[in-house]
Amino acid sequence: MNDLKDRVLRMSGSAVVKCMRCGKCSATCPSYDEMEYHPHEFVYIVERGDVEKLLSSESLYKCLTCFACVERCPRGVEPAKVVEAVRLVAERQQGGNRLKPDEIPALCDPDLPGQAIATAFRKYAK
Amino acid sequence: MQKIGVFVCHCGTNIAATVDVKAVAEALGREPSVVVSQDYTYMCSESGQNLIKDSIRDYGLTGVVICSCSPRMHENTFRKAAAQAGLNPYMVEIANIREQCSWIHKDKAEATEKAIILGRAAIAKVQLNTPLIAGESSVTKRALVIGGGIAGIQTALDIAEAGFPVDIVEQKPTIGGKMAQLDKTFPTLDCSACILTPKMVECAQNENIRILSYSEVESVSGFVGNFTVKIRRKARYVDETKCTGCGLCTEKCPVKKVPNEFNLGMDNRRAIYIPFAQAVPKIAVIDADYCNMLKNGKCGVCSKVCTAGAVDYKQTDTFVEEKYGAIVAATGYEISDVSRYDEYAYSQSKDVITSLEFERLTNAAGPTGGTLLRPSDGKHPHTIVFIQCVGSRCTPEKGKPYCSKICCMYTAKHAMLTREKYPDTDVYVFYIDVRTPGKNFDEFYRRAVEEFGVHYIKGAVGKVAPRADGTLEVQASDLIMNEQLHISADLVVLAAAIEPSKSARSLATLLTASMDTNDFFTEAHPKLRPVESPTAGVFLSGMCQGPKDIPETVSQASACAAKVIGLLSKNKLTGNPCVAHSDELMCNGCSNCANVCPYGAITYSDKEFRMPDRTTKTRRVAWVNPAVCQGCGACTVACPSGAMDLSGFSNSQIMAEVDAICK
């Protein structure tokens, strides 16, 4: 097992080997069309150990963390937690800031629910 | 002083690869009373058994210890061999050095040491063994089949054909089970009712079969060959001996809005009803929850129209008690509850149905007369989506962990028949895997795709959303195209997981038959004794043992019948002499043993005892019925005064084993 895969598995607490490749996570995903790698691919790619491939993908920031996939996965794999873990690995890499804090207020939509803003901060904050 | 022979088996490499068998034989040869100690490649082979027999004769052995596989595997083999050489078979002890030693250890030195210790314990036990003689019991030549679906019907017919009387207990008013609700059967597409109803009629006409419909097993006592079963005959409020099944009452009954369970609530029946036209027995039954006469004494129409005078509002539950030699569990299955999967909107839309409901919608005797119409508006559906594995193959929190086995094939059937009858309909099947092992099964599924143009899409459905225009938006994965699909469907059919009948768990308790975590009955051996329960005299037929289709169910039902016939053809059964017995002088009458006995083998009675001062005293003491006792040993542990002991596994024998292990 390589280090990155190990880290993602440890951080997510997800048992990717339980996946039976039904694709229900991707079937339920509201951000599907925005994503380069879809939830089921995240699970499969992490299981194969190709985490690097995911670290540079925009898909990390398209996941809404709505947890529909976690709720509906029949195998208890919890794909959103895998995405979250990969995202944290990406964020913890040095020099990878996507935003500066003072850029954030301008990007905030006042109609956005508080939970979405908090989730967004978790994704973008360094 | 015993003369003990030790025989160490290699089991090919099963034992010999991890245990130094020669060292074990040598070490055990030095134990007290051991006069011969040998090893051999396969002790269970004929030459291995001859080695044991010859040693018994040559050395005049009084006890034998065999270090081999689990006693469950070959204890009988070795006991028979010993008996053939003139030794009491209960002077043979097995030290399990395979399942409990070689298979679970990797280190040879460790495994060898453990094997020696296990052998030593068995030797210590044999030192205290005494010859035991098995008693005999008679066999009641009558079988009870619990459940009247195709499994129970087939088992009952086969047993009856062999000349033994059989009772079928069915909790519903008619036999027939789930198969009676099916439209066509895969892969030959014969009409389900056409092949089932003749068998139902055969049951009714066979003079060896008695059908106790609308009945439930209330209690079971006794043991193999000698069960006593009390059966509750639920009040039908219709005299079975008078009703002719004319059905006039079911037309005149004013209570018209009772959900019809035979059509899964998709249409209504009356409060007095006959479940379906071919019901066996064809006798009306009053649903007490809906009948006005029974609820508030106002009505009595059925009684007035019945020309046979069969309606009897005063009927109450009655009980039948009968003796049986063998009991067959054939309790079948249910469709699991799919409303828990909110994403499929089963409870939100009438047009999301289960596959069994789909069967009724395509059946000529169903609510739509066999025309496929949407339950919501009665229109023809033009796009139908079938969703596979709903509740199957899940984690235990999300559903059933097993594959329900039959869904792939019945869905292929549904899809194919729909396309055949309504070619303008688009049919989609969302699957995770298509599982079609079976004769002509994969060919059948391929026909659905290749000849009938059913769209099979690899992927799951994520959600079904009812729209205002009455359609259902289906959002799904197409894993091969790596796309998310949005299909506007008119009808969604869920292949719901199957689960054992709700009544199975309580029945298993009555029968002291074991079950797995999914409430399927456990077989005595998954490969070699698949139709017997580990409880002697209890047999398994059909879905109650695990998911299976009709051909498999029928095969298993007949196999089960063969086992029952084998038992019933015996005049005497040899019992197990390893049973408990109580020392009356030590018994304090506390009833602990009777309370823990799972077989009801222990009774108490007052007995007079002569005291040291020559007076007599009446004391309450336990007595174990050796014919009922199964030798589980629970009572020996529960007894606080040490009065209860188990032949063949006496307290002193077990302590000797423990001492030998801890030496």
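First the proteins, then the strands, lettered A, B, ... as listed; each starts at 1. Since the model is a prediction, treat every value here as computed from it, not as a measurement.
The most heavy-atom pairs under 4.5 Å with chain A, out of Phe430(B), Tyr344(B), Tyr431(B), come from Tyr344(B). Ranking Gly23(A), Pro74(A), Cys69(A) against chain B, the residue ahead of the rest is Pro74(A), based on heavy-atom pairs under 4.5 Å.
Distance CZ/Arg393(B) to CZ/Arg75(A): 8.0 Å, rounded to 0.5 Å. The structure places CD of Glu483(B) at 7.0 Å from OH of Tyr32(A), a figure rounded to the nearest 0.5 Å.
Both the backbone and the side chain of Asn482(B) come within contact range of chain A, judged by heavy atoms closer than 4.5 Å. For Cys25(A), no part sits under 4.5 Å from any heavy atom of chain B, backbone or side chain.
Within 6.0 Å of NZ in Lys400(B) there are more than 12 heavy atoms belonging to other residues, nucleotides or ligands. For Glu71(A), the CD atom sits in a loose shell: 12 or fewer heavy atoms of surrounding residues, nucleotides or ligands are nearer than 6.0 Å.
In this structure, the side-chain contact (heavy atoms from CB on, under 4.5 Å) partners of Ser477(B), at least two apart in sequence or on a different chain, are Ser26(A), Ala27(A), Leu479(B). Legend: residues meeting side-chain contact (heavy atoms from CB on, under 4.5 Å) with His380(B), ordered by chain and number and at least two apart, are Thr371(B), Leu373(B), His382(B), Tyr422(B).
Of all heavy-atom pairs between Lys24(A) and Glu343(B), the closest is NZ-OE2, 2.7 Å. Nearest heavy-atom pair, Lys398(B) versus Arg72(A), reported as atom, atom and distance to 0.1 Å: NZ-N, 4.1 Å.
Scanning residues 347-362 of chain B against chain A with a 4.5 Å non-hydrogen threshold yields no residues. Below 4.5 Å, heavy atoms of chain A meet no heavy atom from residues 445-457 of chain B.
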